[in-house]
Q: 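The structure follows.
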Amino acid sequence: MLGLKLLTDPRWANIAEQNLEEILTDHAWCEQKAATNAISLITNNSEHAELVEELTEIAIEEMQHFQMVTNIIKERGYTLGRERKDDYVGQLLKFCKKDGSRNMAFIDRLLFAAMIEARSCERFRVLSQNIKDEELKKFYYDLMVSEANHYTTFLNFARKYSTDVDVEKRWKEWLEFEGELIKSYGDKEAIHG
């Protein structure tokens with residue numbers, strides 16, 4: 001369904017489980033950044049009422065996820081560490097087209113968001129299927145479903161609002177780029193690491 005070119009090696013879940021405090025901290029900040037990204041899309045494209053409405057819901061949901069993760073961190077006696085730089089997301093951001101029309105930049109920002117949600121969804125699936133911690137298995141399964149819905153929302157908005165971009169062609173370019181990019185990741189206690 002997601003169209004990802006390279007799936008995560010299930011052994012990545014073992015790396016994540018060896019340092020739950022680190023993976024949970026990274027995850028918390030990913031949720032905060034996802035909320036910020038949704039707010040940024042609203043701010044820059046407020047003329048689209050449906051987008052404003054749905055991305056407001058996503059931003060709220062992402063902050064609720066942030067709160068859920070920080071609650072798990074607290075309950076387990078861990079500490080929410082400082083925000084982490086996400087090199088994977090930084091590389092995706094560089095792939096965004098910025099030199100075309102306003103619509104092209106808007107559509108690429110939606111596809112950027114869809115790509116992150118797709119990979120997060122896939123990583124949550126790997127965690128839900130491969131870690132031993134029963135509480136986190138269920139938690140990551142529920143988040144996997146949520147991320148899949150966000151992925152679909154961003155991709156559908158790209159299709160709806162495109163005026164000068166072949167969205168299907170550009171989405172294939174995103175999938176190809178990400179498929180090569182992700183080969184460099186998967187060995188760290190980070191959601192995209």
Q: Is any side-chain heavy atom of Gln18 less than 4.5 Å from a side-chain heavy atom of Glu189?
A: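 Gln18 vs Glu189: side chains apart.
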
Q: Between Lys33 and Glu62, does at least one N-O distance fall below 4.0 Å, as a salt bridge requires?
A: no

Q: Please evaluate residues Leu110 and Val167 with respect to the criterion side-chain contact (heavy atoms from CB on, under 4.5 Å), reporting the C-alpha separation (whole Å), side-chain torsions for both, the decisive distance (0.1 Å), and the verdict.
A: CA-CA 10 Å; Leu110 289 167; Val167 174; over 6 Å; no

Q: Test of understanding: clusters of I, L, V, M, F, W, Y form through side-chain heavy atoms closer than 4.5 Å, transitively. Do Leu6 and Tyr185 belong to the same one?
A: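 Yes: a chain of side-chain contacts under 4.5 Å links Leu6 to Tyr185.
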
Q: Which pair of non-hydrogen atoms, one from Cys30 and one from Ile191, has the smallest distance, and what is that distance?
A: SG-CB, 4.0 Å

Q: Is Ser128 reaching over with its side chain to a backbone N or O of Arg125, donor-acceptor style, under 3.5 angstrom?
A: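 Checked: pair present.
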
Q: Looking only at heavy atoms, what is the nearest atom pair of Asn45 and Val52, with distance?
A: O-CG2, 4.4 Å

Q: Would you check, one step at a time, whether the test side-chain contact (heavy atoms from CB on, under 4.5 Å) holds for Lys74 with Leu80?
A: CA-CA 8 Å; Lys74 184 179 173 184; Leu80 175 65; over 6 Å; no

Q: Between Val126 and Tyr140, is there a side-chain heavy-atom distance shorter than 4.5 Å?
A: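 No, their side chains stay 4.5 Å or more apart.
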
Q: One thing to verify: whether Lys5 and Glu178 come together as a salt bridge, which I'm taking to mean a side-chain N less than 4.0 angstrom from a carboxylate O.
A: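 A salt bridge is absent here (no side-chain N lies under 4.0 Å from a carboxylate O).
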
Q: Any chain of hydrophobic side-chain contacts (each under 4.5 Å) joining Ile23 to Tyr141?
A: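 Shared cluster, yes.
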
Q: May I ask you to check whether over 12 heavy atoms, not counting those of Lys98, lie within 6.0 Å of atom NZ?
A: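 More than 12 within 6.0 Å, yes.
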
Q: If you apply the rule side-chain contact (heavy atoms from CB on, under 4.5 Å), what do you find for Phe112 with Val89, and how did you get there?
A: CA-CA 9 Å; Phe112 162 82; Val89 171; 3.7 Å; yes

Q: Heavy atoms only: give me the nearest Ala28-Thr70 pair and the separation to one decimal.
A: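 The answer is CB-CG2, 4.2 Å.
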
Q: Check the pair Tyr151 / Cys121 against side-chain contact (heavy atoms from CB on, under 4.5 Å), numbers first and verdict last.
A: CA-CA 8 Å; Tyr151 152 80; Cys121 176; 5.9 Å; no

Q: Consider only side-chain heavy atoms of I, L, V, M, F, W and Y, link residues closer than 4.5 Å, and tell whether Leu127 and Ile182 are in one cluster.
A: no

Q: Taking side chain as C-beta onward, heavy atoms only, is Leu136 less than 4.5 Å from Arg76?
A: yes

Q: Ignoring hydrogens and geometry, is there a side-chain-to-backbone donor-acceptor pair from Trp29 to Gly81 under 3.5 Å?
A: yes

Q: Kindly compute the distance separating CD1 (Ile58) from CD1 (Ile39), expressed to the nearest 0.5 Å.
A: 11.5 Å

Q: When rounded to the nearest 0.5 angstrom, what is the spacing between CG in Asn103 and CG in Asp108?
A: 10.5 Å

Q: Is there side-chain contact between Leu93 and Arg109, with heavy atoms separated by less than 4.5 Å?
A: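 Yes, their side chains come closer than 4.5 Å.
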
Q: With a 3.5 Å distance limit and no angle check, can you tell me whether Arg84 reaches the backbone of Arg82 through a side-chain donor-acceptor pair?
A: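 Yes, the answer is positive, given that a donor and an acceptor are paired below the 3.5 Å cut-off.
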
Q: Quick check on the hydrophobic clustering: are Phe66 and Phe139 connected, directly or via other members, by side-chain heavy-atom contacts under 4.5 Å?
A: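 Result: yes, single cluster for both.
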
Q: First locate atom CD of Gln91, then atom CD of Glu180, and finally report the distance between them rounded to the nearest 0.5 Å.
A: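 Taking CD in Gln91 and CD in Glu180, the distance rounds to 13.0 Å.
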
Q: To the nearest 0.5 Å, how far apart are CD1 in Ile107 and OG1 in Thr163?
A: 7.0 Å

Q: Residues in side-chain contact (heavy atoms from CB on, under 4.5 Å) with Asn14, at least two apart?
A: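 Residues passing side-chain contact (heavy atoms from CB on, under 4.5 Å) with Asn14: Arg11.
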
Q: Can you name the nearest heavy-atom pair linking Leu143 to Glu31, along with the distance?
A: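 Minimum heavy-atom separation between Leu143 and Glu31: CD1-OE2, 4.2 Å.
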
Q: Is it true that Lys188 and Glu22 have a side-chain N and a carboxylate O under 4.0 angstrom from each other?
A: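 Glu22 and Lys188: not salt-bridged.
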
Q: Evaluate whether atom CD of Gln129 has more than 12 neighbouring non-hydrogen atoms of other residues, nucleotides or ligands under 6.0 angstrom away.
A: yes

Q: Keeping the roles fixed (side chain from Ser162, backbone from Ala158), state whether a donor-acceptor pair exists under 3.5 Å.
A: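 No, the answer is negative, given that no donor and acceptor are paired below the 3.5 Å cut-off.
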
Q: State whether Asp87 and Lys85 are salt-bridged, where the test is any N-O pair (Lys NZ or Arg NE/NH1/NH2 against Asp/Glu carboxylate O) under 4.0 Å.
A: yes

Q: Does any N or O in the side chain of Thr152 come within less than 3.5 Å of the main-chain N or O of Ala148, such that one atom is a donor and the other an acceptor?
A: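 Yes, because the side chain of Thr152 sits within donor-acceptor range (under 3.5 Å) of the backbone of Ala148.
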
Q: Looking only at heavy atoms, what is the nearest atom pair of Thr25 and Thr79, with distance?
A: OG1-O, 3.5 Å

Q: Indicate if Phe106 and Leu92 have the same hydrophobic cluster label, given that clusters are the connected sets of ILVMFWY residues with side-chain heavy-atom separations under 4.5 angstrom.
A: yes

Q: What are the two closest heavy atoms between Ala35 and Ala59, and how far apart are they?
A: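 The answer is CB-O, 3.6 Å.
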
Q: Could you check whether Arg102 pairs with Glu47 (Lys NZ or Arg NE/NH1/NH2 to Asp/Glu carboxylate O, under 4.0 Å)?
A: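 Answer for the salt bridge query: yes.
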
Q: I'd like to know if the side chain of Lys137 reaches the main chain of Lys132, judged simply by a donor and an acceptor atom lying under 3.5 Å from each other, with no hydrogens or angles considered.
A: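 Such a contact is absent between Lys137 side chain and Lys132 backbone.
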
Q: Between the side chains of Asp166 and Arg170, is the shortest nitrogen-to-carboxylate-oxygen separation below 4.0 Å, so that they form an ion pair?
A: no

Q: If we only count heavy atoms from C-beta on, is the Glu57 to Glu61 side-chain gap below 4.5 Å?
A: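 Result no, sub-4.5 Å side-chain heavy-atom pair not found.
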
Q: Can you tell if the side chain of Ile72 reaches within under 4.5 Å of the side chain of Glu135, non-hydrogen atoms only?
A: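 In short, these two side chains touch, coming nearer than 4.5 Å.
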
Q: Taking atom types as modelled, find out whether Gln32 and Thr36 have a side-chain donor-acceptor pair closer than 3.5 angstrom.
A: yes

Q: Kindly compute the distance separating CZ (Arg159) from CH2 (Trp171), expressed to the nearest 0.5 Å.
A: 8.5 Å

Q: Students often mix this up, so state it plainly: with edges at 30° and 60°, are the rings of His65 and His150 parallel, tilted or perpendicular?
A: parallel

Q: Check the angle between the aromatic planes of His48 and Tyr161 and answer parallel, tilted or perpendicular using the 30° and 60° thresholds.
A: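 Tilted: the ring planes of His48 and Tyr161 meet at 30° to 60°.
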
Q: Answer yes or no: is there a side-chain heavy-atom contact under 4.5 Å between Phe154 and Leu41?
A: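 Yes, side chains in contact.
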
Q: With side chains defined as the heavy atoms from C-beta onward, is the minimum distance between Glu173 and Leu111 less than 4.5 Å?
A: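 No, side chains not in contact.
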
Q: Measure the OH-CE distance between Tyr88 and Met115 for me, rounded to the nearest 0.5 Å.
A: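 Reported value, rounded in 0.5 Å steps: 5.0 Å.
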
